[in-house]
Visitor: 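The structure under discussion is supplied below as structure tokens; questions concerning it will follow.
Heads up: numbering here begins at 1 and tracks the sequence. All ligand and atom numbering here is 1-based and tracks the order in the structure. Every value quoted in this text rests on a predicted model; they were computed, and no experiment measured them.
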Amino acid sequence: MTDPGSSVSDVIIVGAGVVGTAIARTLAGYRLDCVLVDAALDVGTGTSKANTAILHTGFDAKPGTLESRLLARGSALLRSYADATGIPVEYTGALLVAWTPEQFAALPGLAENARRNGYLAVRPVGAGELYAREPALGPGAVGALEIPDEAIICPWTTPLAFATEAVGAGVRLVLGAGVTGVSEVDGVYELASARGVLRGRWVVNAAGLGSDVIDRMFGGDGFTIRPRRGELIVFDKLARSLLRSILLPVPTARSKGVLLAPTVYGNVLLGPTAEDVPDPSDTATTAAGLESLMAAGRRILPGLGEEEVTATYAGLRAATEHSDYQIRVDAPRRYACVAGIRSTGLSASLGIAEHVVGLLGEAGLPLRPVASALPLPRMPYIGEAGRRPYQDASLVAGDGAYGQIVCHCERVSLGEVRDALASPVPPADLGGLRRRTRAMNGRCQGFFCAATVSRLFSEVGLP
Ligand SMILES: Cc1cc2nc3c(=O)[nH]c(=O)nc-3n(C[C@H](O)[C@H](O)[C@H](O)COP(=O)(O)OP(=O)(O)OC[C@H]3O[C@@H](n4cnc5c(N)ncnc54)[C@H](O)[C@@H]3O)c2cc1C
């Protein structure tokens, strides 16, 4: 993390969520001086940390939209990127389940929609096969569509990998610097922030829930963010054996509906709700929201009623009055708006970044590739399906800290905590350490390990 200083950068990216960090790592491939700025003290603390963590194929997007195109492209790019960098992904596939004759009748239309989006692998599944594949499914399902390439991904490692790559390639990360105003002096933008003035020739607005406020600073008035809250319930790992695939509902015009999915940490996720809220910081869960989820979850998988809940949370979709992404580059103003990335931005992030950087180039930003790109970062693996450090005998033999368990629920070792605290993009608080290691994220939610983890954290000190 660096001080803004008085230098003039080529590009300032406002917002270090999954979209802003993806844009930063893509711009880092060119000979440009870039700054990535966020109001928060860490990357990925907005909507990017609280979603459903599905790596979508885009089968259900509206054909012909920018979202459909960038989602398909981004999803393909993220699959290879995750593989190269060690972001946890599990290719579980999804079953979109019909529970009524009306929903069953809608399945061929959804399959046709997928084909129009260029996704050809959807396949009808009869009730017999459905119950053979998902024996814990509640009674009454009449059939399904299989979407074999839907996957689950770690939403926390993804922006962290992008930011780590960007910082390694020279992008300056300025955190705790909410942008409050803009002025232009001799072709240079001056962004007022809590950390002083940031100067840059081009600005990219990737401020998520705050993107309409930033857009108005640049003279835009084409959209307003209408936060749509989604509450979710995380079940204990003992629930994981209840399902094999992501179980999707038949979507409605308003929402993709309530789904059940495994997580890459070995839990089960139920949600999200969809409720418009006036306050872009209102991530509270509600009794009514959680009760409605539990009722839906019990209908889909009756066994869930017996399982323990580990945590609940809510995220806010950056919805607008428009149904598509709000992405445009204003060449004369040297300004890019990347907004309205409502409910697919994790999957689409690299496609969005590629598209935006292309538009910036067409608008006059000089894109000269760097002479030799650095290798991609290899991120600490925090998934459940692969080998964790405590399971790696040779790693433990070489460094005993990887065999010293700090968080017993999630099997997080001292070595992993130490590495996270010393990483190029270190955590700013215990929540950040949790997202990097899974420490305090298990069924006791830190009851046993929080004191030890806090001590380790305070020994290093806040960045
Ligand atoms: C309930 C829910 C479920 C979802 N499920 C999925 C899913 O399964 N798969 C999927 O692909 N997508 C999903 N999404 C969507 C996905 O999470 C978002 O599209 C994505 O995280 C948006 O990223 P972002 O970078 O645009 O926004 P954010 O992550 O919100 O980042 C914006 C950043 O801008 C910063 N900022 C704001 N204002 C300012 C300012 N004035 N100055 C400086 N910084 C500022 C904020 O601090 C924040 O860090 C879901 C979303 C929700 C809410």
Visitor: Just heavy atoms, cut-off under 4.0 Å: does A53 contact ligand 1 by side chain, backbone, both, or neither?
Guide: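 It is the backbone that touches ligand 1; the side chain stays farther off.
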Visitor: Going by the atom numbers of ligand 1, which of them fall below 4.0 Å from some non-hydrogen atom of I54?
Guide: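 This gives 7 (C), 8 (O), 9 (N), 10 (C), 11 (O) as the contact atoms.
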Visitor: Does atom CZ (R73) have a neighbourhood of more than 12 heavy atoms from anything else shown, all under 6.0 Å?
Guide: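 Counting neighbours around CZ of R73, 12 or fewer heavy atoms of other residues, nucleotides or ligands fall under 6.0 Å, so no.
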Visitor: Can you say whether the rings of W156 and Y265 are parallel (under 30°), tilted (30 to 60°) or perpendicular (over 60°)?
Guide: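 It falls in the parallel class, under 30°.
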Visitor: Can you find an N or O of T45 that's nearer than 3.5 Å to an N or O of ligand 1?
Guide: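 In fact, backbone or side chain, T45 has no N or O that close.
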Visitor: For R123, does the CZ atom have more than 12 heavy-atom neighbours from other residues, nucleotides or ligands under 6.0 Å away?
Guide: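 Result for CZ/R123: enclosed.
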Visitor: Please step through salt bridge (charged side-chain N to carboxylate O under 4.0 Å, His left out) for the pair D42 and R436, ending with a clear verdict.
Guide: CA-CA 11 Å; D42 197 355; R436 283 160 176 84; 2.7 Å; yes
Visitor: Going through the checks in order, is the salt bridge (charged side-chain N to carboxylate O under 4.0 Å, His left out) test met by E410 and R388?
Guide: CA-CA 10 Å; E410 298 295 291; R388 299 273 306 286; 5.8 Å; no
Visitor: At what distance is the nearest protein heavy atom to atom 23 (O) of ligand 1, and which residue and atom is it?
Guide: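 Among all protein heavy atoms, the one nearest atom 23 (O) of ligand 1 is S48 OG, 3.3 Å.
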Visitor: Return yes or no for this condition: an N or O of L316 is under 3.5 Å from an N or O of ligand 1.
Guide: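 By distance alone, the answer is no.
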Visitor: Suppose I only count heavy atoms of G208 and a 4.0 Å limit; which atoms of ligand 1 are within that range?
Guide: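 Listed by number with element: 27 (O), 32 (C).
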Visitor: Backbone, side chain, both or neither: what part of V14 comes under 4.0 angstrom of ligand 1, heavy atoms only?
Guide: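 For V14, only side-chain atoms sit under 4.0 Å from ligand 1.
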Visitor: Any ion pair linking D83 and R79 (charged N to carboxylate O, less than 4.0 Å)?
Guide: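 Salt bridge absent between R79 and D83.
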Visitor: Is I341 in polar range of ligand 1, meaning some N or O pair under 3.5 Å apart?
Guide: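 Between I341 and ligand 1, an N or O pair is found under 3.5 Å apart.
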Visitor: Ignoring angles and geometry beyond distance, decide whether D38 reaches within less than 3.5 Å of ligand 1 through its nitrogen or oxygen atoms.
Guide: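 Between D38 and ligand 1, an N or O pair is found under 3.5 Å apart.
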Visitor: Return yes or no for this condition: an N or O of G230 is under 3.5 Å from an N or O of ligand 1.
Guide: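 In fact, backbone or side chain, G230 has no N or O that close.
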Visitor: If the condition is salt bridge (Lys or Arg N to Asp or Glu O under 4.0 Å), which residues does R334 pass it with, not counting sequence neighbours?
Guide: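 Result, salt bridge (Lys or Arg N to Asp or Glu O under 4.0 Å) vs R334: E184.
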Visitor: Could you find the nearest protein heavy atom to atom 12 (N) of ligand 1 and give me its residue, atom name and distance?
Guide: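 Protein heavy atom at minimum distance: S343 O, 3.2 Å.
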Visitor: I'd like to check whether A16 has a polar contact with ligand 1, where a contact means an N/O of the residue lying under 3.5 Å from an N/O of the ligand.
Guide: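 Between A16 and ligand 1 (N or O atoms, distance only) the closest approach is not under 3.5 Å.
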Visitor: For ligand 1, which atoms, with element, lie under 4.0 Å from some heavy atom of G178?
Guide: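 Counting from 1, the qualifying ligand atoms are 42 (N), 43 (C).
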Visitor: Decide whether an N or O pair under 3.5 Å exists between V18 and ligand 1.
Guide: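 N/O-N/O distance under 3.5 Å: yes.
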Visitor: Using a strict cut-off of 4.0 Å, indicate which atoms of ligand 1 neighbour a heavy atom of I214.
Guide: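 By the 4.0 Å cutoff, the relevant atoms are 41 (N).
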Visitor: Find all atoms of ligand 1 within a distance of less than 4.0 Å from any non-hydrogen atom belonging to P272, and give their numbers and elements.
Guide: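 Counting from 1, the qualifying ligand atoms are 1 (C).
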Visitor: What protein heavy atom sits nearest atom 5 (N) of ligand 1, and how far off is it?
Guide: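 I find the closest protein heavy atom is T52 N, 3.1 Å.
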Visitor: Of the protein's non-hydrogen atoms, which lies at the shortest distance from atom 37 (C) of ligand 1, and what is that distance?
Guide: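 Protein heavy atom with the smallest distance to atom 37 (C) of ligand 1: A207 O, 3.2 Å.
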Visitor: Pick out which of L270, L96, L248, I300 makes a side chain to side chain contact (heavy atoms under 4.5 Å, CB included) with L259.
Guide: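 Going through L270, L96, L248, I300 one by one, the side chain to side chain contact (heavy atoms under 4.5 Å, CB included) with L259 is satisfied by L248 alone.
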Visitor: Using a distance-only test with no angle check, is there a side-chain donor-acceptor pair under 3.5 angstrom linking Y189 and S183?
Guide: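 Distance-only check fails for Y189 and S183.
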Visitor: Charged N to carboxylate O under 4.0 angstrom, D33 versus R172?
Guide: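 Salt bridge between D33 and R172, a charged N being under 4.0 Å from a carboxylate O: yes.
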Visitor: For atom 52 (C) of ligand 1, which of K49, E150, R317 has the closest heavy atom?
Guide: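 That would be R317.
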Visitor: If you have a sec, work out which protein heavy atom is nearest atom 7 (C) of ligand 1 and how many Å separate them, to one decimal?
Guide: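 Of every protein heavy atom, H56 NE2, 3.5 Å lies nearest to atom 7 (C) of ligand 1.
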Visitor: In this structure, which one of R229, R228, R226 forms a salt bridge (Lys or Arg N to Asp or Glu O under 4.0 Å) with E275?
Guide: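 One option only clears the test, and that one is R229.
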Visitor: Could you list which atoms of ligand 1 come closer than 4.0 Å to a heavy atom of S347?
Guide: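 Near S347, the atoms of ligand 1 are 9 (N), 10 (C), 11 (O).
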Visitor: Do R133 and E146 pass the salt bridge (charged side-chain N to carboxylate O under 4.0 Å, His left out) test, and can you show the C-alpha distance, the side-chain angles, and the key distance before you say yes or no?
Guide: CA-CA 11 Å; R133 289 176 58 167; E146 181 188 18; 3.1 Å; yes
Visitor: Give the minimum heavy-atom separation between L107 and L145, together with the two atoms involved.
Guide: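 Scanning both residues, the minimum pair turns out to be O-CD1, 3.6 Å.
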Visitor: Would you list the pairs meeting ring-ring contact (aromatic ring centres under 6.0 Å, His included) in which at least one residue belongs to residues 43-84, sequence neighbours left out?
Guide: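 Non-adjacent pairs meeting ring-ring contact (aromatic ring centres under 6.0 Å, His included): Y81-F162.
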Visitor: With a cut-off of 4.0 Å, which atoms of ligand 1 are near a heavy atom of G15?
Guide: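 Going through ligand 1 atom by atom, the ones under 4.0 Å from G15 are 33 (C), 34 (O), 35 (C).
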Visitor: Any heavy atom of E231 closer to ligand 1 than 4.0 angstrom?
Guide: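 E231: no contact with ligand 1 (<4.0 Å).
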Visitor: Report the nearest protein non-hydrogen atom to atom 43 (C) of ligand 1: residue, atom name, distance rounded to 0.1 Å.
Guide: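 Ranked first by proximity to atom 43 (C) of ligand 1 is A39 N, 3.2 Å.
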Visitor: Grab the two heavy atoms, one from V188 and one from R199, that are nearest each other, plus how far apart they are.
Guide: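 Between these two residues, the closest heavy atoms are CG1-CB, 3.9 Å.
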Visitor: Note the single closest protein heavy atom to atom 31 (O) of ligand 1, along with its residue, its atom name and the distance in Å.
Guide: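 Going by distance alone, atom 31 (O) of ligand 1 is nearest to G17 CA, 3.4 Å.
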Visitor: For atom 26 (O) of ligand 1, find the nearest protein heavy atom and state the residue, atom name and distance (0.1 Å precision).
Guide: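 Going by distance alone, atom 26 (O) of ligand 1 is nearest to V19 CG2, 3.5 Å.
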Visitor: For ligand 1, which is the ligand I care about here, please tell me if L346 has any N or O atom under 3.5 Å from one of the ligand's N or O atoms.
Guide: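 In this structure, L346 places an N or O atom under 3.5 Å from an N or O of ligand 1.
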Visitor: Is there a polar contact between ligand 1 and V179, counting only N or O atoms under 3.5 Å apart?
Guide: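 Looking only at distances, the answer is yes, because the N/O contact criterion of under 3.5 Å is met.
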Visitor: Within the structure provided, determine whether T65 and S323 are in side-chain contact (heavy-atom separation under 4.5 Å).
Guide: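 They are not in side-chain contact.
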Visitor: Going by heavy-atom distance to atom 17 (O) of ligand 1, choose the closest among I152, L259, N51.
Guide: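 That would be N51.
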Visitor: For ligand 1, which atoms have a heavy atom of A206 less than 4.0 angstrom away?
Guide: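 Contacts of ligand 1 toward A206, numbered from 1: 32 (C), 34 (O).
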Visitor: Minimum heavy-atom separation for P159 and P155, please, with both atom names.
Guide: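 Nearest heavy atoms, P159 then P155: CD-O, 2.9 Å.
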